[in-house]
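Report on one structure; see the data block that follows.
Note that ligands are numbered from 1 as they come in the structure, with each ligand's atoms numbered from 1 the same way.
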Amino acid sequence: MEDKKLAEARRRAIRRHRFTAGLREIITCHRAKAIIFLAYLLGTSWAWVNRDKALTLLSGGYPLLYHGLSLTLLLVALVLLVEIIIALGTPRRAAQIQAALVEAGFVNSSRLPPLLFSVHKAEKSYIYEFDLNNIPLSRWERDKEKIGAAIRCQVVNIKLSPDGRRVLLQTVPLRSALPEIIYWKDEYLSPEDFILTLGMSLTGRLETVNLADTPHLLIGGSSGSGKSLLLKALMGESLIKGASVFIADFKGGVDYAPIWHERCRMIFDPQSLLAALEELTAELERRRGLFAAAGMPNLTEYNKATGENLPRYIFACDEVAEVLDTAGVSKADKEAVYAPSVRLMSLIARQGRAFGIHLMLSTQRPSADLIPGQIRTNLTLRICGRADDILSRIILDSPAAAEQIPLDAKGRFVTNMGQTFQGFLFDDSILNE
Ligand SMILES: Nc1ncnc2c1ncn2[C@@H]1O[C@H](COP(=O)(O)OP(=O)(O)OP(=O)(O)O)[C@@H](O)[C@H]1O
Ligand SMILES: [Mg+2]
């Protein structure tokens with residue numbers, strides 16, 4: 001009985017909502033809907049004005065019957081008007097989507113699916129607006145695939161509406177998968193300081209990271225997933241924007257064409273790693289003094305206020321686990337070289353943001369303990385390429401990369417911010433300019 005009452009109340013609430021949504025659509029001039037509405041109004045007005053002949057015939061000349069029929073006609077017209085507005089406020093396929101969500105088990109504790117309020121076209125994507133339905137946003141994220149299957153689209157982004165009561169799903173058609181290869185173009189370089197372009201999202205938008213807010217990053221992914229190329233892209237963009245780039249690579253820099261050796265500070269062994277980190281942290285301390293004296297909170301403000309152009313520093317390390325791995329290292333070296341290096345990297349991770357000193361690290365090893373906790377927690381942007389469940393969870397704290405990136409994909413990544421993008425393919429000639 002109680003259930004029936006609740007269901008009836010929900011049905012009424014839904015109809016009320018659809019009615020207001022329908023009115024909104026008509027008023028905001030959704031052209032096709034406004035035409036249907038106006039056509040109905042014109043049709044019924046015409047029928048009302050010309051009702052006399054037909055009603056006289058039907059009522060057989062009885063005035064009471066005539067008025068009764070007139071009233072019935074008016075009521076039917078009004079009921080139809082309400083139904084038409086409700087229909088105009090109901091998104092296409094709403095009932096099927098609702099049913100598919102129930103079938104997929106995406107329901108609240110009362111086993112009700114979220115209500116689809118509206119579907120709107122945005123740039124290259126569609127926004128599906130649902131009520132939150134007492135389902136936490138984390139579950140929407142987790143069940144993204146299920147929801148996508150129910151609405152027969154690919155969900156690329158999930159967020160709350162500004163009032164926090166609705167969920168907005170950004171979707172693209174299933175077949176609009178990203179191209180396998182996107183070549184870098186100079187126009188992709190952001191003019192903003194210090195925004196780096198990561199790649200292209202499923203909706204064709206550029207995904208970026210602003211190092212002034214998100215200072216350090218970690219790239220993970222299985223072998224051949226495209227980590228090194230992405231790291232190179234980010235280092236290359238940083239160089240073009242005037243940053244100083246340090247590259248730690250104990251393989252002697254063989255993966256880097258001569259241009260990288262010319263333009264970057266290459267670090268090939270543990271001793272020079274420590275020396276470079278000491279230099280970077282000394283610069284950090286120097287800037288701390290400068291900024292304090294000038295009363296400036298960070299590099300951007302300091303450069304703006306003083307007209308100086310202190311560069312950003314990028315400390316990059318592809319396969320950081322190789323560099324930090326102390327297996328087979330003598331105790332003396334561990335204490336004299338490795339431990340201080342890790343300590344200095346932690347300092348940069350914790351304090352580098354304001355002073356424009358950034359870490360960009362990559363790893364393919366699915367082991368949580370190779371990157372010390374203090375560094376790891378400060379790598380605020382985590383990016384994962386093709387990976388198994390374990391690696392995806394280590395990098396992103398979620399299985400997203402394992403679930404969303406096809407096994408043969410190269411240069412396809414998911415971030416811990418929920419962005420999916422295709423990195424750019426480029427060659428080192430972009431550094432020659
Ligand atoms: N964005 C991309 N678009 C297309 N192909 C790519 C992209 N990134 C990488 N690749 C291809 O994938 C191959 C492997 O890339 P990369 O060396 O960057 O992977 P990796 O993850 O660093 O691999 P490993 O773990 O073996 O070092 C490259 O040779 C390149 O051809
Ligand atoms: Mg690599």
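The pair R205-E207 meets the salt-bridge criterion, since a charged nitrogen lies less than 4.0 angstrom from a carboxylate oxygen.
For the residues L231, D255, L425, the heavy atom positioned nearest atom 5 (N) of ligand 1 is part of L425. When L230, I181, L229 are checked for heavy-atom proximity to atom 8 (N) of ligand 1, L229 turns out nearest.
Per-atom contact check: atom 2 (C) of ligand 1 touches the protein, criterion being a heavy-atom distance below 4.0 Å. Inside a 4.0 Å radius of atom 15 (O) of ligand 1 there is at least one protein heavy atom. Within a 4.0 Å radius of atom 29 (O) of ligand 1, the protein has no heavy atom.
Note that R166 lies in the cation-pi zone of F117, set by a 6.0 Å cut-off to the ring centre and a 45° limit from the axis. For the pair K121 and Y126, the cation sits on the ring face: its NZ or CZ lies under 6.0 Å from the ring centre, inside 45° of the axis.
Here the closest non-hydrogen pair linking L274 and P340 is CD1-CB, 3.7 Å.
The distance between the ring centers of F426 and W184 does not fall below 6.0 angstrom.
Listed by number with element, the atoms of ligand 1 under 4.0 angstrom from any heavy atom of K410 are 2 (C), 3 (N), 5 (N), 6 (C), 10 (N), 11 (C), 12 (O). Numbered from 1 in the order shown, with element, the atoms of ligand 1 that lie under 4.0 Å from a heavy atom of F424 read 1 (N). Counting the atoms of ligand 1 from 1 in the order shown, those under 4.0 Å from a heavy atom of Q364 are 25 (O).
Heavy atoms from both the backbone and the side chain of K227 come within less than 4.0 Å of ligand 1.
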ask   = Is there a salt bridge (charged side-chain N to carboxylate O under 4.0 Å, His left out) between E8 and K5 once you walk through the steps?
value = CA-CA 5 Å; E8 181 56 26; K5 262 192 196 161; over 6 Å; no
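Looking at residues two or more places apart in sequence or on another chain, you find a salt bridge (charged side-chain N to carboxylate O under 4.0 Å, His left out) between R288 and E285.
Ring geometry for H216 versus H358: interplanar angle of 30 to 60°, hence tilted. Relative ring orientation between Y128 and F130 is described as parallel, the plane-to-plane angle staying below 30° on a 0-90° scale split at 30° and 60°.
At a 4.0 Å cut-off, at least one heavy atom of G224 sits close enough to ligand 1 to count as contact. Residue contact check for ligand 1: S222 places a non-hydrogen atom closer than 4.0 Å to it. Distances from ligand 1 to the non-hydrogen atoms of K232 include no value under 4.0 Å.
Distances from the Mg ion (ligand 2) under 2.8 Å pick out these protein N/O/S atoms: S228 OG.
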